[in-house]
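As structure tokens, the structure follows; a few thoughts come after it.
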Protein chains: 2
Amino acid sequence: MATTTAKRGRPRSFDREAALEQALRLFWERGYEATSVADLTTAMGIRPPSLYAAFGDKSALFGEVVDRYREGHGAYATRALAEEPTARAGVARMLREAAAMATDPDHPWGCLLISSTVNCTSPEVTGAVRELRNANVRALESLIRADVAAGHEPAGTDPAALAQFTAAVVQGMSQRARDGATRAELERVAADAMRIWP
Amino acid sequence: MATTTAKRGRPRSFDREAALEQALRLFWERGYEATSVADLTTAMGIRPPSLYAAFGDKSALFGEVVDRYREGHGAYATRALAEEPTARAGVARMLREAAAMATDPDHPWGCLLISSTVNCTSPEVTGAVRELRNANVRALESLIRADVAAGHEPAGTDPAALAQFTAAVVQGMSQRARDGATRAELERVAADAMRIWP
DNA sequence: CCACTTCTGTAGTGATCGCTAATGAAATGA
DNA sequence: TCATTTCATTAGCGATCACTACAGAAGTGG
């Protein structure tokens, strides 16, 4: 198979990445189901057939938005857990950065993975995003467990409980941000949450 | 004005309270906007004109549902804070009971006030329920502050921070319940959360 | 009985939902 | 040049949205 770099046919007349970013903002702000295709095409500056040709359908577009979010605005969490020397330090940094991200005035408040499919009648879409959240909880639990096994955390550290508690706090912080809580308030919540670690 | 107990005209042929309960279940499960009037009339066993005659419109029906929820399934929180001798004991009981309520298999998971208007395009409905949540946070802060002033809480107790932290934990527990967290897991979260109190 | 009031069921309203057929426009390959 | 390929536009698909006009049914007061 020769890799044909030259493209046939009429080239796309809009910036796919820029359009995707507009879709991300809208889904982040309003959620999956409350964002209509008409809303999307208006914000993206294209007509419905262009959206369907470039992205498939609404749920596929949302899937790309979720991927983009996880690699962009949401990547801080994975980075914090991966880069800090201990699980405890990673969680502390993640919570601190979550407070900043969730209240950043440059984009919608809260976390897209947490808020965009709360009221969604599509089991596929709801289930897929829920599974991402629950996988994050399991990954955090594994990270803490590995850290305990390596002797980096004190005895009495309960990986499952700490992961579940951290998940509840993060998801609660997202909701509080959407309700208008400030960055300072959420940073205080994050700092308080760390005090339950042994 | 004489109070006419006898009703004129054709009497209503359905149980208004039972119909309201069915609407509550549906709004709790799916949220405000994702629940259609057709869904509601089917669950309530009535036709649209009966719904509109008895409840006004969809948002007014939701308003009655919210009131019913606050006086019913959601009343445990106010009761816990009012009946326990200290704010600390009240919050501990509220969190413990929240874990049980949010995972009760007899009704939808989570908290209706927290989850039913996350993705809602009506500013009136969204704002009204958000204001109820934020009023609860302020009331909790006042309760803790009064308890501190009365000398029932140790020095160093920060009413605003504790109220915000508790709100985040409760709202996070609701989300975790909708994601499938068990009662035992959430009771552990609740118990852990109480450890940040001085 | 009749007149009056209120509720119920039928059958819609216009608007919006996600999505697409058909046609013309803009690029490439030969 | 000209056929081929791909995209953009117009226009509209059937389904569903929240909501209601209308007429008949079921009660009360006289």
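Worth knowing before you read on, the calculation uses all heavy atoms, side chains too, and leaves out hydrogens, waters and symmetry mates.
- Using a 4.0 Å heavy-atom criterion, one finds that A:P11 contacts the sugar-phosphate atoms exclusively.
- Applying the 4.0 Å criterion to OP1 and OP2 of C:dC7, one finds that B:S50 has every side-chain N and O outside that range.
- Two residues, B:G9 and B:D57, neighbour DNA chain D, and the one matched to the more 5' nucleotide by heavy-atom proximity is B:D57.
- Note that B:K58 lies outside the cation-pi zone of B:F27, set by a 6.0 Å cut-off to the ring centre and a 45° limit from the axis.
- The separation between B:Y52 atom OH and C:dG9 atom P is 16 Å, rounded to whole Å.
- Atom-to-atom, CZ of A:R12 to P of D:dT9 comes out at 13 Å; the value is rounded to the nearest Å.
- Rounding to whole angstrom units, CD of residue B:E33 and C1' of C:dT16 are separated by 12 Å.
- Atom CZ in B:F14 sits about 15 Å away from atom C1' in D:dA26, given to the nearest Å.
- Look at CZ on A:R16: it is 12 Å from P on D:dA8, rounded to the nearest Å.
- The side chain of B:K58 lies closest to D:dC19, out of C:dT8, D:dT10, D:dC19.
- Side-chain proximity of A:V37 to the nucleotides D:dA8, C:dG18, D:dC17 is greatest for C:dG18.
- Residue-level contact check: B:S59 touches neither bases nor backbone, having no heavy atom under 4.0 Å from any strand.
- Between the base of C:dA27 and the side chain of A:R8 there is no donor-acceptor pair shorter than 3.5 Å.
- Atom pair A:R30:CZ and C:dC17:P shows a separation of 10 Å (rounding to whole Å applied).
- Comparing C:dA25, D:dA25, D:dC19 by their closest approach to the side chain of A:R10 singles out C:dA25.
- Closest contact between the side chain of B:P48 and the listed nucleotides D:dT20, D:dA8, C:dT8 involves D:dT20.
- Between B:F55 atom CZ and C:dT6 atom C1' the separation is 16 Å, expressed in whole Å.
- Here the CG atom belonging to A:L162 is positioned 11.0 Å from the CD atom belonging to A:Q164, to the nearest 0.5 angstrom.
- With hydrogens and angles ignored, no donor-acceptor pair under 3.5 angstrom links the side chain of A:R47 to the base of D:dA8.
- Within 4.0 Å (heavy atoms only), A:S122 reaches no atom of the nucleic acid at all.
- With respect to B:R93 and B:E97, a salt bridge is recorded, a charged nitrogen being found less than 4.0 Å from a carboxylate O.
- B:T42 and B:D39 form no side-chain donor-acceptor contact under 3.5 Å, judged by distance and modelled atom types alone.
- Contact between the side-chain N/O atoms of A:S36 and the OP1/OP2 oxygens of C:dC17 is found at a separation under 4.0 Å.
- Counting to the nearest Å, the P atom of C:dG9 and the CG atom of B:L51 are 13 Å from each other.
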Exercise. Starting from the C-alpha separation in whole Å, work towards a yes-or-no answer on side chain to side chain contact (heavy atoms under 4.5 Å, CB included) for B:R79 and B:E83.
Key: CA-CA 6 Å; B:R79 270 202 308 269; B:E83 294 175 1; 3.6 Å; yes
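- Nearest nucleotide to the A:A38 side chain, out of C:dC17, C:dC19, D:dT20: C:dC17.
- Using a cut-off of 4.0 Å between Lys/Arg side-chain N and Asp/Glu carboxylate O, B:R68 and B:E64 are scored as not salt-bridged.
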